[in-house]
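Numbered from 1 within each chain, the chains take letters A, B, ... in sequence-line order. Keep in mind the model is a prediction, meaning the values are calculated, not measured.
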There are 2 protein chains.
Amino acid sequence: MKLTKRGEYGLRALLALAMVHGQRTLSLREISSKENLPTKFLEQIMMVLKRSNLVESVKGKHGGYSLSRSPEKITVGEVIRAVDGPLAPIANAREIQKQIQKVDRHAGLYVILLDVRNAISEILDHKSLADICNQSLEIARSKGTEQMYYI
Amino acid sequence: MKLTKRGEYGLRALLALAMVHGQRTLSLREISSKENLPTKFLEQIMMVLKRSNLVESVKGKHGGYSLSRSPEKITVGEVIRAVDGPLAPIANAREIQKQIQKVDRHAGLYVILLDVRNAISEILDHKSLADICNQSLEIARSKGTEQMYYI
DNA sequence: TATTAGTCCTATCAAATTAGTCAGATATGA
DNA sequence: TCATATCTGACTAATTTGATAGGACTAATA
């Protein structure tokens with residue numbers, strides 16, 4: 001897995017949407033200015049997220065984006081896969097499986113690569129956007145900082 | 001972490017050297033033909049491995065490469081770092097740490113990325129080339145295959 | 001109905017990375 | 001001195017990455 005800027009920005013945008021979930025939508029401009037992300041680049045990423053059914057959008061004046069599911073039901077792994085592809089360090093889990101079967105001399109190597117991908121998946125597929133928001137909140141609280149809300 | 005062909009080929013070359021460790025050296029040609037890797041490309045990778053002190057080489061006729069340490073003492077993590085860079089999904093562990101400190105709103109996100117890098121490191125920095133060879137041998141044995149040795 | 005504020009869509013672009021290749025210099029054993 | 005090695009550096013084609021530009025479409029509202 002390599003997390004590119006696309007994936008990182010996508011996650012930050014979704015996290016921003018998670019914070020206002022159920023209360024309001026956020027326009028592209030709002031997200032990009034508050035998260036300090038290049039607007040037009042973010043726009044592309046939002047399209048990807050939309051096609052993956054992670055966000056919904058409303059066109060026209062007062063339009064904007066919102067999560068298509070509640071933050072508890074969107075995992076980080078899901079987002080990264082949508083934007084940056086498979087979590088595995090090479091190819092994807094199935095391809096690695098094939099390699100393990102194919103050449104005995106390399107089996108051990110690809111087994112360990114599969115272990116890595118499974119470890120990554122174990123973490124990212126069990127962390128939701130809500131989990132992350134809460135953790136950020138927790139950290140901020142423990143540091144005595146405040147005002148991280150969008151609303 | 002993204003494992004490129006460089007890293008994959010480098011690992012396979014080192015594994016080949018691990019199998020004959022203490023008995024003989026392998027020339028570039030031998031490695032590339034037995035492992036079916038592009039010779040000149042592998043040559044570049046061997047140079048990187050040499051500069052990282054993972055292999056030693058002997059020039060001239062009957063020259064070739066050998067591991068500079070025993071296979072038990074070379075970890076997969078070390079090899080990947082030498083060839084493909086840090087294990088972290090973005091930047092490196094220290095940079096992620098900085099991000100965690102810097103913006104509270106994002107702390108949770110970067111914490112999880114650090115978790116991922118630590119999980120990867122936990123696996124790869126504790127698996128040696130010897131471990132992998134043994135595992136391959138084990139798998140081959142359980143399948144009733146034989147003849148994986150170079151010598 | 002014109003304006004405004006949005007999303008949607010496609011094309012383009014520069015820089016970096018990836019996966020190689022090529023030509024030759026240098027070392028060494030026979 | 002010849003054959004066989006490693007070493008060195010430059011080059012290249014294709015892909016990916018991180019954007020930007022320009023406009024089409026859509027919806028609320030003055």
Side-chain angles (χ1 to χ4, degrees), chain A residues 1-13 16-17 20 24-68 80 82-86 89-91, chain B residues 1-14 16-17 24-68 80 82-86 89-91:
Chain A
M1 182 201 60
K2 167 91 180 296
L3 189 66
T4 67
K5 290 294 172 195
R6 269 185 177 75
E8 192 183 340
Y9 294 175
L11 277 167
R12 280 167 58 179
L17 289 174
V20 300
R24 51 169 301 204
T25 68
L26 294 178
S27 74
L28 184 64
R29 294 268 192 89
E30 284 177 294
I31 302 174
S32 74
S33 81
K34 299 212 192 209
E35 282 293 329
N36 221 33
L37 303 175
T39 311
K40 293 300 268 180
F41 188 35
L42 182 59
E43 192 173 10
Q44 285 187 357
I45 299 165
M46 295 310 291
M47 308 289 281
V48 173
L49 294 174
K50 181 168 189 200
R51 285 183 210 116
S52 311
N53 287 318
L54 288 166
V55 299
E56 286 171 351
S57 60
V58 176
K59 277 189 181 181
K61 206 164 184 175
H62 305 314
Y65 296 94
S66 58
L67 298 184
S68 48
I80 293 181
V83 179
D84 278 335
I90 54 165
Chain B
M1 182 200 61
K2 166 91 179 298
L3 188 66
T4 68
K5 289 294 172 195
R6 268 184 177 76
E8 191 182 341
Y9 295 174
L11 277 167
R12 280 168 58 182
L14 289 188
L17 289 174
R24 52 169 302 202
T25 68
L26 293 178
S27 75
L28 184 65
R29 293 269 189 88
E30 285 178 292
I31 302 174
S32 74
S33 80
K34 299 211 193 210
E35 281 294 329
N36 222 34
L37 303 176
T39 310
K40 293 301 269 179
F41 188 36
L42 182 59
E43 195 173 9
Q44 283 189 358
I45 299 165
M46 295 311 290
M47 289 297 125
V48 174
L49 294 174
K50 182 170 186 197
R51 283 181 214 117
S52 311
N53 287 317
L54 289 165
V55 299
E56 286 171 350
S57 59
V58 176
K59 276 191 180 183
K61 207 163 184 178
H62 305 314
Y65 296 94
S66 59
L67 299 184
S68 48
I80 293 181
V83 180
D84 277 337
I90 54 166

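Nearest heavy-atom pair, A:Thr39 versus A:Ser32, reported as atom, atom and distance to 0.1 Å: OG1-OG, 3.0 Å. The two residues B:Asn53 and B:Ser68 make their nearest non-hydrogen contact at O-OG, 2.7 Å.
The phosphate of C:dG20 has OP1 or OP2 within less than 4.0 Å of a side-chain N or O from B:Tyr9. One finds no side-chain N or O of B:Ser57 lying less than 4.0 angstrom from the OP1 or OP2 phosphate oxygen of D:dA5. Dashed line: the shortest gap from a side-chain N or O of B:Thr4 to OP1 or OP2 of C:dA19 is under 4.0 Å. The phosphate of D:dT29 has OP1 or OP2 within less than 4.0 Å of a side-chain N or O from A:His62.
Residue A:Gln44 has its side chain nearest to D:dA19 when only C:dG6, C:dG20, D:dA19 are considered. Of the candidate nucleotides C:dA5, C:dA11, C:dG20, C:dA5 has the atom lying nearest to any side-chain atom of A:Lys61. The A:Phe41 side chain lies nearest to D:dT20 when the options are D:dT20, C:dG6, D:dT6.
Contacts of residues 45-52 of chain A with DNA chain D (heavy atom under 4.0 Å): none.
Residue B:Lys40 is classed as a base contact, given a heavy-atom separation below 4.0 Å to a base. In this structure, A:Arg6 reaches the bases: a heavy-atom distance under 4.0 Å links it to at least one base atom across the strands shown.
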